[in-house]
There are 2 protein chains.
Amino acid sequence: MLNPTAVAPVRAARRPPASSTQRAARSTARCSSCAMRHLCMPQGVAANDMPQLEALICSARAVRRGEPLYRAGDSFDNLYAVRSGSLKTVMAHRDGREQVTGLRLAGEALGLDGISSDQHACSAVALEDSSVCIIPYAALKHLCREVSSMQDRLHKLMGEQIVREAAQMMVLGSLSADERVAAFLLDISERNAQRGYSSAEFNLRMTREDMGSYLGMTLETVSRTLSRFQKRGLIDAQGRFIHIVDPDGLRKVGAVANA
Amino acid sequence: MLNPTAVAPVRAARRPPASSTQRAARSTARCSSCAMRHLCMPQGVAANDMPQLEALICSARAVRRGEPLYRAGDSFDNLYAVRSGSLKTVMAHRDGREQVTGLRLAGEALGLDGISSDQHACSAVALEDSSVCIIPYAALKHLCREVSSMQDRLHKLMGEQIVREAAQMMVLGSLSADERVAAFLLDISERNAQRGYSSAEFNLRMTREDMGSYLGMTLETVSRTLSRFQKRGLIDAQGRFIHIVDPDGLRKVGAVANA
DNA sequence: CGGTGAATTGATCACCCTCAATGTCCGTGG
DNA sequence: CCACGGACATTGAGGGTGATCAATTCACCG
């Protein structure tokens, strides 16, 4: 029921498990055992390509909670795949205001914001001690010219981000506060399910402020909304640990406006 | 001062000029004279590649005002480059609510929303009689494997859209109504300037409702905001025709909150 | 000249932000 | 061990921004 990696034991893991910093060597170890292989290496690639791919594109890096994997303005050299943990992407307005623009869970790709200008447009900050695969962009590009399935995979990755961001624009532009929070919880839930984890229980890792920033509302409104959802029996929230009790009810939030 | 194509004569062009429908043949004429060549064909491409590229990737299509170039759910086969006119991209929630997620002016690329799932995730609707270059995606992909500068161009195109959408998420999530409208006007102004048109005067083509949808507010609030900007001497608006009088003043909107 | 779609402007109200107090869980140090 | 400080979360009270509802004007067009 509980998933060992994605879902921490209930009410525990306020601090991430100590093992997570050791799981990924800080040096550039090959990640031939990388759980994200399917991301770096699509099924379509011939088996005999494998060794060269692994040699070429996969090393690992650990990022401590609160530390940046990269910052806005950093030169863009690598893409990343989250191996364990989770990160947020943050964009800054020139007046200093910041907003969370994305959330990446284990298995998801990171760093595409740097392709357009050879500089990262946003920062990526670890929400917990995490580890990422490093994929040198130059090498990946070269590979994509030789292996068409790799090209497809990269294109889809970028296309998915484009669609995901457009969907988030809809969330920010069209939905009420209740609907935004519900949509967010369902999104996380589905992404967990896709990766084989529990869709019902998870540890959000972000603060209420991060959530609010991502959803275009204040932390107080996030907190109030979660409390109301709890009273309505839609979720069971203990701080950052969320249990989705009634997913269908969440999906109907806003549609009916009452129970 | 006035630009012949981007800026229509003041107070005219409520209807697009009749010539615009003839400018682009409805058949698949080669666009060897396509003004958007730089988009399809980056400078880096060797001259002797040119003929094959033109033969491969460029035909044209006209789209009447209000008509869709493609609809959400349509199978994805082509990318497009706007040759003349302008289009909006629209995404629909399952409950039927729609939101404008993007605006494409002449010279800009369109259709990347279909890459991730081989189906378009949003619809593209012409804001005026327009014409687009058709770029078959399969052929483009093939070309990108042979010509590295073409690969770079496509990647940058996708990367730019990713960054642009993230920036729009910031607009929707962090800015006040005044700031959103100001940011929008400045964005259009800069995009016009980049394409060699006037940054001070342009015809917006969208309705107040489209603008509001794109900016996450109601058409009434858009209208009121524009009126207030006009009273403050920041702009001079006559319906959809906008003259930016004080761009620096627009940039300061929200920073000081008063004149 | 009436009809339609779009834009403007006004009046009212609700949603959500702001400010504030309190509570909880930490890790740290007395 | 308990006290303390800090970060985060929750909850309340009040106010402002922008939505909603509505009326009017304007341009275009059949």
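Every heavy atom of this structure was used, including side-chain atoms; hydrogens, water molecules and symmetry mates were not.
When rounded to the nearest whole Å, the span between CD of B:Q238 and C1' of D:dT25 equals 15 Å. Rounded to whole Å, atom P of D:dG12 lies 12 Å from atom CZ of A:R228. Rounded to an integer number of Å, the gap from CD of B:E179 to C1' of D:dG18 is 14 Å. Distance CG (A:D178) to P (C:dA14): 16 Å, rounded to an integer number of Å. Rounded to an integer number of Å, the gap from CD1 of B:I242 to P of C:dT8 is 8 Å. Whole-Å rounding puts the B:L175 CG to C:dC17 P distance at 14 Å. C:dG5 atom P lies 13 Å from atom CZ of B:R240, rounded to whole Å. Atom-to-atom, CE of A:M217 to P of D:dT10 comes out at 12 Å; the value is rounded to the nearest Å.
At the phosphate of C:dC17, OP1 or OP2 sits under 4.0 Å from a side-chain N or O atom of A:T218. For B:T207, no side-chain nitrogen or oxygen approaches OP1 or OP2 of C:dA6 to under 4.0 Å. For the pair B:S227 and C:dT9, the criterion of a side-chain N or O lying under 4.0 Å from OP1 or OP2 is met. Taking side-chain N and O atoms only, B:T221 has no distance below 4.0 Å to OP1 or OP2 of D:dG18. OP1 and OP2 of D:dA7 both lie 4.0 Å or more from every side-chain N or O belonging to A:R208.
Checked for salt-bridge contact, A:R205 and A:E128 meet the test: a charged N lies under 4.0 Å from a carboxylate O. For B:R71 and B:D74, the salt-bridge test fails: no basic side-chain N is under 4.0 Å from an acidic carboxylate O. A salt bridge links B:E108 and B:R191; the closest N-O separation between the charged side-chain nitrogens and carboxylate oxygens is under 4.0 Å. B:R228 and B:D178 are joined by a salt bridge, as a carboxylate oxygen and a charged side-chain nitrogen come within less than 4.0 angstrom of each other. Using a 4.0 Å cut-off between a side-chain N of Lys or Arg and a carboxylate O of Asp or Glu, B:R97 and A:E179 qualify as a salt bridge.
Under the 3.5 Å distance criterion, the side-chain polar atoms of B:Q230 are matched with a main-chain donor or acceptor of B:A237.
Note on A:G66: nothing from the nucleic acid sits closer than 4.0 angstrom, heavy atoms only. Contact annotation for A:G212: no contact, since no heavy-atom pair falls under 4.0 Å across all strands. Among the atoms of the strands shown, base atoms are found under 4.0 Å from some heavy atom of B:L219.
A:Y70 and A:H120 have parallel rings, their planes meeting at less than 30° on a 0 to 90° scale where 60° marks the start of perpendicular.
The aromatic ring centroids of B:Y214 and B:F184 lie less than 6.0 Å from each other.
For DNA chain D, each stem of at least three Watson-Crick or G-U pairs (distances under 3.5 Å) is given as range with range: C:1-26 with D:5-30, C:28-30 with D:1-3.
With hydrogens and angles ignored, a donor-acceptor pair under 3.5 angstrom links the side chain of B:R224 to the base of C:dG10. Applying the 3.5 Å distance criterion, the base of C:dC19 shares a donor-acceptor pair with the side chain of A:E220.
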